[in-house]
Protein chains: 2
Amino acid sequence: MNAPDTLTPEPTTLTAQLRRGNLFAEQCPSREVLKHVTSRWGVLVLVALLEGTHRFSDLRRKVGGVSEKMLAQTLQWLEGDGFVLRKSYPVVPPHVEYSLTPLGRDVGLRVQDLADWIELNLSSILQARGEPDRTAP
Amino acid sequence: MNAPDTLTPEPTTLTAQLRRGNLFAEQCPSREVLKHVTSRWGVLVLVALLEGTHRFSDLRRKVGGVSEKMLAQTLQWLEGDGFVLRKSYPVVPPHVEYSLTPLGRDVGLRVQDLADWIELNLSSILQARGEPDRTAP
DNA sequence: GTAAGTACGCACCTAAAGGTTAGTACATGA
DNA sequence: TCATGTACTAACCTTTAGGTGCGTACTTAC
């Protein structure tokens with residue numbers, strides 16, 4: 001099942017592999033992107049922004065527990081990857097709006113799908129965990 | 001700290017919130033599960049196991065860059081959450097097989113969906129990043 | 001007059017993730 | 001006989017994610 005490296009199981013070219021990205025390869029840039037998207041706050045920010053444009057402090061209030069520093073950093077990561085669009089208005093009390101790019105909406109949906117699944121199946125998971133399901137009646 | 005508790009934005013009961021899980025709530029156990037699933041190696045292990053049962057060292061070889069320690073720990077996390085089934089045969093060179101539970105297959109599929117999307121759209125992302133797309137001809 | 005809100009940057013610090021090395025108890029192959 | 005593979009654990013160390021607090025340049029509201 002697990003193929004020794006001597007034989008290439010899939011007939012893909014090197015460039016095709018690079019173009020596609022291969023998460024199993026250690027040095028693949030896709031690992032970085034995955035890290036941003038699945039980071040502790042990245043997930044929550046993406047899901048939050050799926051609901052629409054938010055300002056910085058809106059996000060801060062919505063995502064329970066983020067520090068300002070991490071929120072800023074996460075937004076910069078996601079902006080750098082082309083998932084988030086930052087629009088700042090040069091008014092005197094700062095005003096900045098964050099929204100998702102089309103690319104961001106795409107990942108966001110998949111992340112949300114995962115997040116929703118976990119939320120919905122939480123009690124099953126906790127039961128499997130052996131931790132008595134305290135949510136049960 | 002955040003969100004005045006005085007106003008409840010959504011008319012859900014406390015038990016419903018607990019049963020469902022709410023990732024935006026700081027102390028919700030779903031955060032833990034999400035952490036395991038979206039951890040650096042958790043993602044890759046889940047995707048790898050979707051292809052079928054693997055032995056420890058098969059996984060180690062397949063997932064580029066994992067240390068034995070982290071692989072073991074990740075597998076224990078996922079086993080603890082009821083996503084992974086560990087079957088050990090008490091033979092003299094140790095033999096252990098890892099596979100997904102039905103619950104695990106469910107999350108795995110969503111994680112794979114996300115992973116696949118990133119792999120496929122990698123070059124668009126890298127372009128958005130401003131990093132010249134080195135995969136282009 | 002001052003307290004609060006805005007969107008951060010900077011500096012410092014802790015906790016946790018992650019890596020490295022060694023060791024185990026045998027069996028098989030060179 | 002020595003090396004290698006197996007599935008780990010324990011001890012130790014490094015790196016980084018993440019948190020805390022401070023400052024800012026104003027404005028609005030109390």
Side-chain angles (χ1 to χ4, degrees), chain A residues 1-6 23 26-27 31-45 48-49 53-81 84-99, chain B residues 1-4 23 26-27 31-45 48-49 53-81 84-99:
Chain A
M1 152 131 3
N2 39 355
D5 319 81
T6 49
L23 279 171
E26 195 175 353
Q27 70 324 349
R31 285 268 177 104
E32 272 289 299
V33 179
L34 184 71
K35 193 156 69 178
H36 299 160
V37 167
T38 63
S39 71
R40 178 164 180 199
W41 306 117
V43 175
L44 302 179
V45 166
L49 287 182
T53 299
H54 282 67
R55 297 184 58 176
F56 186 85
S57 28
D58 289 344
L59 283 172
R60 173 140 168 61
R61 273 183 291 269
K62 177 154 198 167
V63 177
V66 226
S67 63
E68 301 191 349
K69 176 192 163 188
M70 287 315 297
L71 181 56
Q73 185 167 120
T74 303
L75 285 168
Q76 283 163 12
W77 282 341
L78 296 177
E79 190 193 357
D81 290 339
V84 161
L85 187 70
R86 183 193 127 104
K87 222 180 193 172
S88 101
Y89 303 87
V91 291
V92 76
H95 184 109
V96 181
E97 290 180 349
Y98 291 96
S99 55
Chain B
M1 175 177 307
N2 38 359
L23 279 171
E26 196 175 353
Q27 67 329 348
R31 286 266 179 107
E32 272 289 299
V33 178
L34 184 71
K35 193 156 70 177
H36 299 161
V37 167
T38 63
S39 71
R40 178 164 180 198
W41 307 117
V43 174
L44 301 179
V45 166
L49 287 181
T53 298
H54 283 66
R55 296 184 59 175
F56 186 84
S57 29
D58 291 343
L59 282 172
R60 174 142 168 61
R61 273 183 292 267
K62 177 153 199 167
V63 178
V66 227
S67 64
E68 300 192 349
K69 176 193 164 187
M70 287 315 296
L71 181 55
Q73 184 168 120
T74 302
L75 285 167
Q76 283 164 11
W77 282 341
L78 296 177
E79 190 192 357
D81 290 338
V84 161
L85 188 70
R86 183 192 127 106
K87 222 179 193 173
S88 102
Y89 302 87
V91 293
V92 76
H95 186 109
V96 182
E97 290 180 350
Y98 292 95
S99 55

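Chain naming here is simple, since letters A, B, ... match the order of the sequence lines and numbering starts at 1 in each. In this text, all values refer to a predicted model and were calculated from it rather than measured experimentally.
Across the protein-nucleic acid pair, B:R60 atom CZ and D:dA7 atom P stand 12 Å apart, rounded to whole Å. The CH2 atom of A:W41 sits 14 Å away from the P atom of D:dA17 (whole-angstrom rounding). Rounded to a whole Å, the CD atom of A:Q73 is 10 Å from the P atom of D:dG19. Going from atom NZ of B:K87 over to atom C1' of D:dA7 covers 18 Å, rounded to whole Å. Atom C1' of nucleotide D:dT16 and atom CE of B:M70 are separated by 13 Å, given to the nearest angstrom. Atom NE2 in B:H54 sits about 16 Å away from atom C1' in D:dA7, given to the nearest Å. The distance from atom NZ of B:K35 to atom P of D:dA17 is 14 Å, rounded to the nearest whole Å. Here D:dA17 presents its P atom at 10 Å from CZ of B:R40, a figure rounded to the nearest Å.
Once you apply a 4.0 Å limit to the heavy atoms of chain B, the touched nucleotides of DNA chain C run 5' to 3' over C:dA17 to C:dA27.
At the phosphate of D:dT16, neither OP1 nor OP2 sits under 4.0 Å from any side-chain N or O atom of A:W77. In terms of phosphate contacts, B:R61 brings a side-chain nitrogen or oxygen within less than 4.0 Å of OP1 or OP2 of D:dT6. The shortest distance between the side-chain N/O atoms of B:Q76 and the OP1/OP2 oxygens of D:dT9 is below 4.0 Å. Listed pair B:S57 / D:dA7 meets the phosphate criterion, a side-chain N or O lying under 4.0 Å from OP1 or OP2.
Proximity of B:V63 to B:W41: side-chain heavy atoms (C-beta onward) are separated by under 4.5 Å at one or more points. In this structure, A:L44 and A:L59 have side chains that are not in contact, with every pair of non-hydrogen atoms separated by 4.5 Å or more.
Note on ring orientation: taking the six-membered ring where Trp is involved, the planes of A:H36 and A:W77 are parallel (angle under 30°, cut-offs 30° and 60°).
Within the nucleic acid shown, B:Y89 has no heavy atom closer than 4.0 Å to any nucleic acid atom. Contacts of B:G65 with the nucleic acid, taken as non-hydrogen atoms under 4.0 Å apart, involve only primed sugar atoms and P, OP1 or OP2.
The closest donor-acceptor contact from the side chain of B:R60 to the backbone of B:V66 lies under 3.5 Å. Counting only distance, with no hydrogens or angles, the side chain of B:R31 and the backbone of B:L23 share a donor-acceptor pair below 3.5 Å.
Take the nearest nucleotide of DNA chain D for A:E68 and for A:P93: the residue whose nucleotide is more 5' is A:E68. Along DNA chain C, the nucleotide nearest to B:K69 and the one nearest to A:E97 differ in position, and the one closer to the 5' end is contacted by A:E97.
Screening A:R61, A:R55, A:K62 against A:D58 for a salt bridge (Lys or Arg N to Asp or Glu O under 4.0 Å) leaves a single residue, A:R61.
The two residues A:G42 and A:L78 come nearest to each other via the heavy atoms O-CD1, 4.3 Å.
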